[in-house]
Amino acid sequence: MKDYIRLPDGIHRTGPEDAERIGDITADAFRADPFNLWLFHNFAGIRALFRLQAKNIYGPRGFCYSAGDDGACMWMLPGGDASFTIGNYLRFAVNTLFASGPGAIGRGVKTGMAMEDRHPDFEHAYLFSIGVRPRARGTGLGRKLIAPVLDACDRSGTRAYLENSNPANTGFYASCGFLELGGPIHPTPDSPPLQPMVREPR
């Protein structure tokens with residue numbers, strides 16, 4: 001599917017060497033995200049997770065790109081592996097312990113298990129994160145960022161899948177063709193909703 005992706009001017013592919021920057025952009029975008037605030041209780045924990053994901057999973061194994069320092073996406077294309085290794089879990093535990101305390105480790109493990117349990121078996125492009133810094137919101141950058149892979153999904157006949165962690169973003173995803181896939185994920189009874197969504201190729 002990678003051969004179908006065409007990045008427009010101003011958007012460039014990134015790799016593991018850009019992980020800290022990609023992590024910081026997406027963490028800034030998720031600063032007020034209700035699910036991630038429940039999970040970590042502070043910005044430091046959110047940033048640690050997104051940096052880890054960018055460095056160890058989506059940078060080396062996935063497909064990441066950014067619009068300068070204003071926005072970024074992390075995708076896992078069909079056939080890719082987004083799973084945590086034992087080393088990743090250890091890094092997550094250490095980083096989260098120092099940033100957010102032991103309770104966040106437990107919430108994180110339960111969240112990962114709940115997400116894995118609901119992750120679809122059909123072939124798909126997985127959008128782990130799309131983020132636009134607060135200063136660049138309202139400029140159409142989010143739509144510009146998500147479009148290249150969705151267009152590639154249409155050309156290759158591939159579904160796209162994500163978990164929406166903020167109900168305020170439902171309208172944006174719906175306008176891009178995503179529909180809710182079953183009910184929301186609740187890792188614990190008191191957690192905010194994490195809503196699976198799927199997009200059929202057009």
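Along the sequence shown, the residues carry numbers beginning at 1.
- Here Ser129 contributes atom OG and Ile22 contributes atom CD1; the two are 9.0 Å apart, rounded to the nearest 0.5 Å.
- Within the 4.5 Å cutoff, no side-chain heavy atoms of Pro201 are placed close to those of Thr158.
- Arg21 and Ser66 share a donor-acceptor pair across their side chains, judged by distance under 3.5 Å alone.
- When all heavy atoms are compared, the tightest approach of Pro60 to Ala54 is CD-O, 3.8 Å.
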Run Tyr161 and Leu181 through side chain to side chain contact (heavy atoms under 4.5 Å, CB included) and show every step you take. CA-CA 9 Å; Tyr161 174 78; Leu181 182 64; 4.0 Å; yes
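- Residues Pro187 and Phe35 are in side-chain contact: their nearest non-hydrogen atoms beyond the backbone lie under 4.5 Å apart.
- Ring geometry for Phe122 versus His124: interplanar angle over 60°, hence perpendicular rather than tilted (30 to 60°).
- Checked by atom type and distance alone, the side chain of Asn169 never pairs as donor or acceptor with a backbone atom of Phe172 at under 3.5 Å.
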For Arg202 and Cys153: C-alpha separation, side-chain torsions, deciding distance, then whether side chain to side chain contact (heavy atoms under 4.5 Å, CB included) applies. CA-CA 8 Å; Arg202 296 174 174 176; Cys153 285; over 6 Å; no
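- In this structure, the separation between CG on Leu77 and CE on Met1 is 5.5 Å, given to the nearest 0.5 Å.
- The minimum heavy-atom distance linking Ala160 with Leu150 is given by the pair CB-CD2, 3.9 Å.
- Both Trp75 and Leu141 are part of a single hydrophobic cluster, where members link through side-chain heavy atoms under 4.5 Å apart.
- A side-chain donor-acceptor contact under 3.5 Å links Tyr65 to the backbone of Leu145.
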Between Val149 and Ile5, does the side chain to side chain contact (heavy atoms under 4.5 Å, CB included) criterion hold? Intermediate values first, please. CA-CA 6 Å; Val149 175; Ile5 301 174; 4.1 Å; yes
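- Within the 4.5 Å cutoff, the side chain of Cys64 has no heavy atoms near those of the Asp18 side chain.
- Using a 4.5 Å heavy-atom cutoff, the side chains of Pro134 and Arg31 are not in contact.
- The CD atom of Glu163 lies 5.5 Å from the CD1 atom of Ile185; values are rounded to the nearest 0.5 Å.
- Taken from OG1 in Thr85 to CG in Leu90, the straight-line distance is 8.0 Å, to the nearest 0.5 Å.
- A donor-acceptor pair is defined here as one N or O able to donate and one able to accept, closer than 3.5 Å; no such pair exists between the side chain of Arg107 and the backbone of Thr188.
- The shortest distance between side-chain heavy atoms of Pro148 and Arg6 does not fall below 4.5 Å.
- At most 12 heavy atoms of other shown residues, nucleotides or ligands fall within 6.0 angstrom of atom NZ in Lys110.
- Under the 3.5 Å distance criterion, the side-chain polar atoms of Asn56 are matched with a main-chain donor or acceptor of Leu52.
- Classification of the His119-Tyr126 ring pair by plane angle, with boundaries at 30° and 60°, yields perpendicular.
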Give the intermediate values and the outcome of side chain to side chain contact (heavy atoms under 4.5 Å, CB included) for residues Phe30 and Phe40. CA-CA 12 Å; Phe30 280 73; Phe40 295 106; over 6 Å; no
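- Between Thr170 and Gln195 there is no side-chain heavy-atom pair separated by less than 4.5 Å.
- Using modelled atom types, one side-chain atom of Arg155 and one backbone atom of Tyr4 make a donor-acceptor pair closer than 3.5 Å.
- Ile11 contributes atom CD1, which lies 7.5 Å from atom SG of Cys73 (distance to the nearest 0.5 angstrom).
- Note: the hydrophobic cluster containing Val198 does not contain Phe178 (ILVMFWY, side chain heavy atoms under 4.5 Å, direct or indirect links).
- In the hydrophobic clustering of ILVMFWY residues, with side-chain heavy atoms under 4.5 Å counting as a link, Leu162 and Phe128 come out apart.
- Enclosure of atom CZ in Phe98 is not indicated, since only 12 or fewer non-hydrogen atoms of other residues, nucleotides or ligands lie within 6.0 angstrom.
- Between the side chain of Arg133 and the backbone N or O of Asp69, at least one donor-acceptor pair lies under 3.5 Å.
- A donor-acceptor distance shorter than 3.5 angstrom exists from the side chain of Asn42 to the backbone of Ala99, with no hydrogens or angles considered.
- The nearest pair of heavy atoms linking Lys144 to Pro8 is CE-CG, 4.1 Å.
- Of all the heavy atoms in Ser165 and Asp33, the pair that sits closest is OG-OD1, 2.7 Å.
- Considering only heavy atoms from C-beta on, Pro78 comes within 4.5 Å of Glu123 through its side chain.
- By the 4.5 Å heavy-atom criterion applied to side chains, Met76 and Tyr58 are counted as neighbours.
- The cluster map of Ile, Leu, Val, Met, Phe, Trp and Tyr, joined by side-chain heavy atoms under 4.5 Å apart, puts Leu194 and Leu179 in different clusters.
- Using a 4.0 Å cut-off between charged side-chain N and carboxylate O, Arg135 and Asp70 make a salt bridge.
- Ile46 and Leu127 are not part of a single hydrophobic cluster, where members link through side-chain heavy atoms under 4.5 Å apart.
- The residues Glu200 and Arg159 are annotated as salt-bridged, a charged nitrogen and a carboxylate oxygen being separated by less than 4.0 angstrom.
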Could you check Asp154 against Arg199 for salt bridge (charged side-chain N to carboxylate O under 4.0 Å, His left out), going step by step and ending with a plain yes or no? CA-CA 10 Å; Asp154 292 340; Arg199 179 187 184 273; 2.9 Å; yes
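- Checking each of Ser191, Pro193, Pro167 against Pro184 for a side-chain contact (heavy atoms from CB on, under 4.5 Å) leaves exactly one that passes, namely Pro193.
- Ile130 CD1 to Met74 CE: the interatomic distance, rounded to the nearest 0.5 Å, is 11.5 Å.
- Remark: the backbone N or O of Ile25 is not paired with any side-chain donor or acceptor of Asp28 at under 3.5 angstrom.
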